[in-house]
Amino acid sequence: MKIDLHVHSHYSRDALSKPETIVARAKAKGLTAVAITDHSRCRAWPELEKLTKKEGLPFVKGEEIKVVGNGKITGEIIGLFMNKEVERGSAPEIIDSLRQQDAIITIPHPFDIFRNEFKNIDAIAKKVDAIEVFNSRCVTRRFNRKAKDYAESHNLGFTAGSDAHHPSEIGNAFVECDGNSLEDLRKAILKKKTTVAGKKSSPFVHGFTTLAKFNLMRPR
């Protein structure tokens with residue numbers, strides 16, 4: 001199996017990919033599935049459920065949730081295999097909400113100083129399941145290497161994803177595991193049986209984020 005575990009639809013304020021485009025692009029890239037991890041919202045899920053039935057490409061219900069401390073963003077947490085939306089809040093609040101729905105908890109790009117580097121990750125390391133050890137949008141490989149070293153030293157599972165905000169990025173990074181179902185993927189993450197692969201995206205893809213934020217480019 002080959003799954004991009006970090007993809008944004010146009011329901012993220014800073015992204016441009018329509019659900020139907022995500023599915024088409026994922027299939028073209030040979031992905032088995034994708035995880036939809038929009039920022040603090042889950043509005044793409046219903047559309048993806050319909051597309052899954054029509055196109056045969058399953059998706060993981062996810063969300064990228066901002067962690068807030070003292071009125072500031074102190075990091076982000078991704079929930080995977082969710083069933084309802086979780087609001088931003090403190091790390092313990094978010095983790096508790098995700099545990100209540102038996103979601104997998106992973107920390108995206110935890111050491112990327114340009115994109116919400118996670119503050120005080122040691123305080124929650126024992127409460128999460130995995131670390132995103134390859135994110136295609138990290139501008140230097142050092143951030144990903146540090147994430148992988150941290151996951152290994154804390155006996156945490158590996159996740160990876162393109163962090164795609166534009167269709168061209170989908171599939172740039174992914175996890176691989178044995179099996180043929182989303183349940184097999186879930187077990188592989190928890191049992192630390194995933195491997196990661198992919199490539200860095202061009203730094204210019206961050207321009208798509210800016211264009212989306214200011215409504216200067218239409219979703220595609």
Side-chain angles (χ1 to χ4, degrees), residues 3-15 34-46 48-49 59-135 137-138 143-144 146-148 150-151 153-161 163-165 175 182-183 185-192 194 209 213:
I3 310 97
D4 187 339
L5 286 174
H6 192 162
V7 175
H8 294 274
S9 80
H10 69 97
Y11 289 110
S12 285
R13 190 173 64 87
D14 57 356
V34 294
I36 303 301
T37 54
D38 285 326
H39 295 295
S40 301
R41 61 188 62 189
C42 303
R43 291 170 59 189
W45 291 1
L48 267 296
E49 286 178 330
F59 79 101
V60 177
K61 293 180 179 179
E63 182 186 357
E64 187 170 21
I65 310 152
K66 293 190 183 301
V67 179
V68 180
N70 297 319
K72 297 180 179 179
I73 304 299
T74 59
E76 292 174 299
I77 290 174
I78 283 181
L80 300 171
F81 299 95
M82 298 172 63
N83 54 50
K84 62 180 180 180
E85 188 175 298
V86 171
E87 295 183 359
R88 66 172 62 188
S90 68
E93 289 171 338
I94 293 169
I95 290 170
D96 285 347
S97 294
L98 291 171
R99 286 290 176 224
Q100 287 172 16
Q101 50 186 295
D102 199 26
I104 285 179
I105 301 169
T106 184
I107 308 300
H109 48 74
F111 301 109
D112 188 336
I113 61 174
F114 302 115
R115 293 184 302 148
N116 293 328
E117 177 185 16
F118 205 100
K119 306 298 188 293
N120 198 19
I121 190 173
D122 291 341
I124 64 164
K126 293 181 179 180
K127 299 179 180 180
V128 305
D129 302 303
I131 298 290
E132 185 182 69
V133 302
F134 194 99
N135 179 296
R137 277 193 159 214
C138 287
F143 299 150
N144 285 326
K146 189 172 181 179
K148 186 176 182 181
Y150 191 89
S153 65
H154 288 78
N155 194 32
L156 293 167
F158 290 178
T159 62
D163 201 353
H165 287 62
V175 298
L182 293 185
E183 183 58 27
L185 167 64
R186 178 188 177 87
K187 290 177 180 177
I189 296 172
L190 293 175
K191 292 180 179 180
K192 306 171 186 65
T194 57
T209 302
K213 281 182 179 179

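- Under the rule for a salt bridge (charged side-chain N to carboxylate O under 4.0 Å, His left out), the partners of Glu49 that lie at least two apart in sequence or sit in another chain are Lys61.
- Here the side chain of Asp4 pairs no donor or acceptor atom with the backbone of Gly161 at under 3.5 angstrom.
- A distance of 6.5 Å separates CD1 in Ile73 from CG in Asn116, rounded to the nearest 0.5 Å.
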Using the side-chain contact (heavy atoms from CB on, under 4.5 Å) rule, take Val175 and Ile189 through it: C-alpha gap first, then chi angles, then the decisive distance, then the call. CA-CA 9 Å; Val175 298; Ile189 296 172; 5.8 Å; no
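- The side chain to side chain donor-acceptor pair (under 3.5 Å) check on Thr209 picks up Arg137, with sequence neighbours excluded.
- Taking Ile113 as the reference, Glu117, Phe143 meet the side-chain contact (heavy atoms from CB on, under 4.5 Å) condition, with sequence neighbours excluded.
- For residues 89-101, the pairs satisfying salt bridge (Lys or Arg N to Asp or Glu O under 4.0 Å) are Arg99-Asp129, with sequence neighbours left out.
- Listed by chain and number, the residues in a side-chain contact (heavy atoms from CB on, under 4.5 Å) with Thr74 are Val67, Lys119 (sequence neighbours excluded).
- Annotation: salt bridge (charged side-chain N to carboxylate O under 4.0 Å, His left out) contacts of Lys146 (sequence neighbours excluded): none.
- Evaluation of the side chain to side chain donor-acceptor pair (under 3.5 Å) rule for Thr194 yields no partner, not counting sequence neighbours.
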Only pairs under 3.5 Å count here: list side-chain donor-acceptor contacts from residues 101-109, not counting sequence neighbours, and write none if there are none.
| residue | atom | partner | partner atom | Å |
| --- | --- | --- | --- | --- |
| Gln101 | OE1 | Asn83 | N | 2.7 |
| Gln101 | OE1 | Lys84 | N | 3.1 |
| Gln101 | NE2 | Lys84 | O | 3.3 |
| Asp102 | OD1 | Arg186 | NH2 | 3.3 |
| Asp102 | OD2 | Arg186 | NH2 | 3.0 |
| Thr106 | OG1 | Ala130 | O | 3.3 |
| Thr106 | OG1 | Glu132 | N | 3.4 |
| Thr106 | OG1 | Thr159 | OG1 | 2.9 |
| His109 | ND1 | Arg115 | O | 3.2 |
| His109 | NE2 | Glu64 | OE2 | 3.4 |
| His109 | NE2 | Glu76 | OE1 | 3.4 |

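- Residues Leu185 and Val60 form a side-chain contact, since some pair of their non-hydrogen atoms from C-beta on lies under 4.5 Å apart.
- Phe118 CZ to Ile124 CD1: the interatomic distance, rounded to the nearest 0.5 Å, is 3.5 Å.
- Among residues two or more places apart in sequence or in another chain, the side-chain contact (heavy atoms from CB on, under 4.5 Å) test is passed with Glu87 by none.
- Between Ala44 and Ser9 the shortest heavy-atom distance is CB-OG, 3.5 Å.
- In this view, Lys148 and Val133, Glu152, Phe158 satisfy the side-chain contact (heavy atoms from CB on, under 4.5 Å) rule, not counting sequence neighbours.
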Asp38 vs Arg43, side-chain contact (heavy atoms from CB on, under 4.5 Å): CA-CA, chis, key distance, verdict: CA-CA 8 Å; Asp38 285 326; Arg43 291 170 59 189; over 6 Å; no
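- With sequence neighbours left out, His10 forms a ring-ring contact (aromatic ring centres under 6.0 Å, His included) with no residue at all.
- Rounded to the nearest 0.5 Å, atoms SG (Cys138) and CZ (Phe114) are 10.0 Å apart.
- Every ring-ring contact (aromatic ring centres under 6.0 Å, His included) that Tyr150 has, sequence neighbours left out, goes to Phe111, His154.
- Distance check: His8 NE2 to Thr37 OG1 gives 4.5 Å after rounding to the nearest 0.5 Å.
- With hydrogens and angles ignored, the 3.5 Å screen pairs no side-chain donor or acceptor of Glu63 with any backbone N or O of Glu85.
- To the nearest 0.5 angstrom, Ile65 atom CD1 is 5.5 Å from Ile94 atom CD1.
- Annotation: Lys192, atom NZ; neighbour count of heavy atoms from other residues, nucleotides and ligands within 6.0 Å is above 12.
- Atoms CG and CG, from Leu182 and Leu80 in turn, are 10.5 Å apart once rounded to the nearest 0.5 Å.
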Applying side-chain contact (heavy atoms from CB on, under 4.5 Å), run through His39 and His165 and close with a yes or a no. CA-CA 11 Å; His39 295 295; His165 287 62; 3.6 Å; yes
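- The two residues Phe59 and Ile36 make their nearest non-hydrogen contact at CD1-CG1, 3.9 Å.
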